[in-house]
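Let me begin by presenting the structure, written as structure tokens, before commenting on it.
Chain identifiers are assigned alphabetically (A, B, ...) following the order of the sequence lines, protein sequences preceding nucleic acid strands; residue numbering begins at 1 within each chain.
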Protein chains: 2
Amino acid sequence: MNELAAVTALAALAQESRLAVFRLLVQRGPDGYPAGEIGEQLGIPGPTLSFHLKELAVAGLVAARKDGRFIYYSPNFERMRALVGYLTDNCCSLAATCAPECAAPVVTRRKRKAA
Amino acid sequence: MNELAAVTALAALAQESRLAVFRLLVQRGPDGYPAGEIGEQLGIPGPTLSFHLKELAVAGLVAARKDGRFIYYSPNFERMRALVGYLTDNCCSLAATCAPECAAPVVTRRKRKAA
DNA sequence: TTCATGTTTCCAAATATATCAAAATGTAGC
DNA sequence: GCTACATTTTGATATATTTGGAAACATGAA
């Protein structure tokens with residue numbers, strides 16, 4: 001993930017409604033929810049929700065799958081993982097400062113340069 | 001870290017200049033850089049930089065320390081760690097989906113409830 | 001005090017974002 | 001075809017963010 005992609009993803013999550021939408025989708029898992037269901041659960045009117053879903057989709061954080069008249073939105077875990085990876089790699093000091101789950105990480109994710 | 005704090009921190013990082021500033025400070029470490037040095041390294045005019053530094057400070061991501069005529073800005077690693085923790089806890093599916101450094105996390109960061 | 005320097009505040013303009021009513025699009029069933 | 005429903009697009013408006021010049025503020029040195 002490059003800087004532009006990171007900024008885009010961060011901006012997508014840096015908004016109350018969108019963060020709520022994304023959290024809801026994460027809770028739900030890969031099946032996702034149709035737009036209407038999301039709007040109902042969070043009390044967001046259609047056009048507003050549509051606007052926010054598009055932002056999340058542009059940032060690559062959610063995927064849309066059409067099924068009949070419904071459009072199911074689901075979280076892109078891979079993308080989210082990439083964002084967290086970017087933050088830990090670039091925005092924390094050394095090694096595992098921002099990877100709290102790891103007591104003592106031994107290997108990093110970086111590819112070794114050819115000698 | 002609650003939702004509001006998360007949104008604030010995400011918004012602080014969701015801007016090209018600010019992300020660059022924060023990355024620079026992280027690279028630098030706890031000693032920090034005076035504002036002028038940051039501006040010079042990144043080519044950001046004084047008033048603009050001041051505005052961005054304030055945003056980062058309000059979000060709790062940087063600390064300011066005065067030393068003579070200089071104001072040294074340094075990253076708040078604890079805060080960043082909290083943000084990454086929030087994201088992994090709330091915005092990733094199960095367990096370690098977004099903690100790439102960990103092959104098999106055994107313990108979580110959560111405090112055990114008193115029995 | 002005066003000067004030079006580092007940084008911020010003030011201000012105004014340009015740009016971007018958020019919201020939602022109304023209209024449009026797409027789809028399923030009749 | 002028509003109707004009903006799910007969702008998006010349009011378009012207008014309100015609000016917020018970003019930018020940087022000029023001026024102000026703060027500090028240290030002479």
Side-chain angles (χ1 to χ4, degrees), chain A residues 3-25 28 31-76, chain B residues 3-25 28 31-76:
Chain A
E3 192 156 334
L4 176 59
V7 167
T8 306
L10 288 167
L13 294 176
Q15 206 277 342
E16 203 181 317
S17 297
R18 285 197 296 268
L19 185 57
V21 167
F22 190 72
R23 288 183 60 180
L24 182 68
L25 291 178
R28 169 66 165 170
D31 286 354
Y33 278 130
E37 177 86 22
I38 300 171
E40 198 175 334
Q41 288 209 35
L42 301 178
I44 302 173
T48 301
L49 177 63
S50 197
F51 168 78
H52 288 311
L53 283 171
K54 199 204 251 171
E55 295 277 295
L56 286 168
V58 165
L61 287 168
V62 305
R65 164 176 50 88
K66 212 164 185 179
D67 182 12
R69 281 179 300 184
F70 299 85
I71 298 180
Y72 284 80
Y73 286 91
S74 55
N76 183 342
Chain B
E3 193 157 332
L4 175 60
V7 166
T8 306
L10 288 167
L13 295 176
Q15 207 278 342
E16 204 181 317
S17 298
R18 284 197 297 267
L19 185 56
V21 167
F22 190 72
R23 289 183 59 180
L24 181 68
L25 292 179
R28 170 65 167 171
D31 286 352
Y33 279 130
E37 177 85 24
I38 300 170
E40 196 175 336
Q41 289 211 35
L42 301 177
I44 302 174
T48 302
L49 178 63
S50 197
F51 167 80
H52 288 312
L53 284 172
K54 199 204 252 176
E55 295 276 296
L56 287 168
V58 165
L61 287 168
V62 305
R65 163 176 50 88
K66 212 164 185 176
D67 182 10
R69 280 179 303 187
F70 299 84
I71 298 181
Y72 284 80
Y73 287 90
S74 55
N76 183 342

- Shortest non-hydrogen contact from B:Leu19 toward B:Leu13: CB-O, 3.5 Å
- Task: Rounded off to whole Å, could you give me the CD1-to-P distance for the B:Ile44 and C:dG6 pair?
- Result: 17 Å
- Task: Considering just the side-chain nitrogens and oxygens of A:Gln15, establish if one lies under 4.0 Å of OP1 or OP2 belonging to C:dA16.
- Result: no
- B:Arg18 side-chain N/O to D:dT18 phosphate OP1/OP2 under 4.0 Å: yes
- Note on the structure: Atom CZ of B:Arg65 and atom P of C:dG6 are separated, to the nearest Å, by 17 Å
- Task: Find which nucleotide of DNA chain C each of A:Ser17 and A:Lys66 is nearest to by heavy atoms, and output the residue with the more 5' nucleotide.
- Result: A:Ser17
- Query: Taking OP1 and OP2 of D:dT19, is either one under 4.0 Å from a side-chain nitrogen or oxygen of B:His52?
  - Reply: yes
- Sequence neighbours excluded, which residues qualify as side-chain hydrogen bond (donor to acceptor under 3.5 Å, both in side chains) partners of B:Arg28? none
- Note on the structure: Rounding to 0.5 Å, atoms CG (B:Leu49) and CZ (B:Arg18) come to a distance of 11.5 Å
- Query: What integer distance in Å separates B:Leu56:CG from D:dT18:C1'?
  - Reply: 14 Å
- Does the side chain of B:Tyr72 come within less than 4.5 Å of B:Asp31's, by heavy atoms? no
- Task: Apply the side-chain contact (heavy atoms from CB on, under 4.5 Å) test between A:Leu53 and each candidate in A:Ile71, A:Val21, A:Thr48, A:Val58; give the one that qualifies.
- Result: A:Val21
Can you pull every protein N or O that's under 3.5 Å from an N or O on nucleotides 6-9 of chain D?
from: D:dT7; atom 1: OP1; to: A:Ala35; atom 2: N; distance (Å): 3.0
from: D:dT7; atom 1: OP2; to: A:Gly36; atom 2: N; distance (Å): 2.5
from: D:dT8; atom 1: OP1; to: A:Tyr73; atom 2: OH; distance (Å): 2.3
from: D:dT8; atom 1: OP2; to: A:Ser50; atom 2: OG; distance (Å): 3.0
from: D:dT8; atom 1: O5'; to: A:Ser50; atom 2: OG; distance (Å): 3.2

- Item | Gap between atoms CG and P, on B:Asp67 and D:dA26 respectively (whole Å) | 18 Å
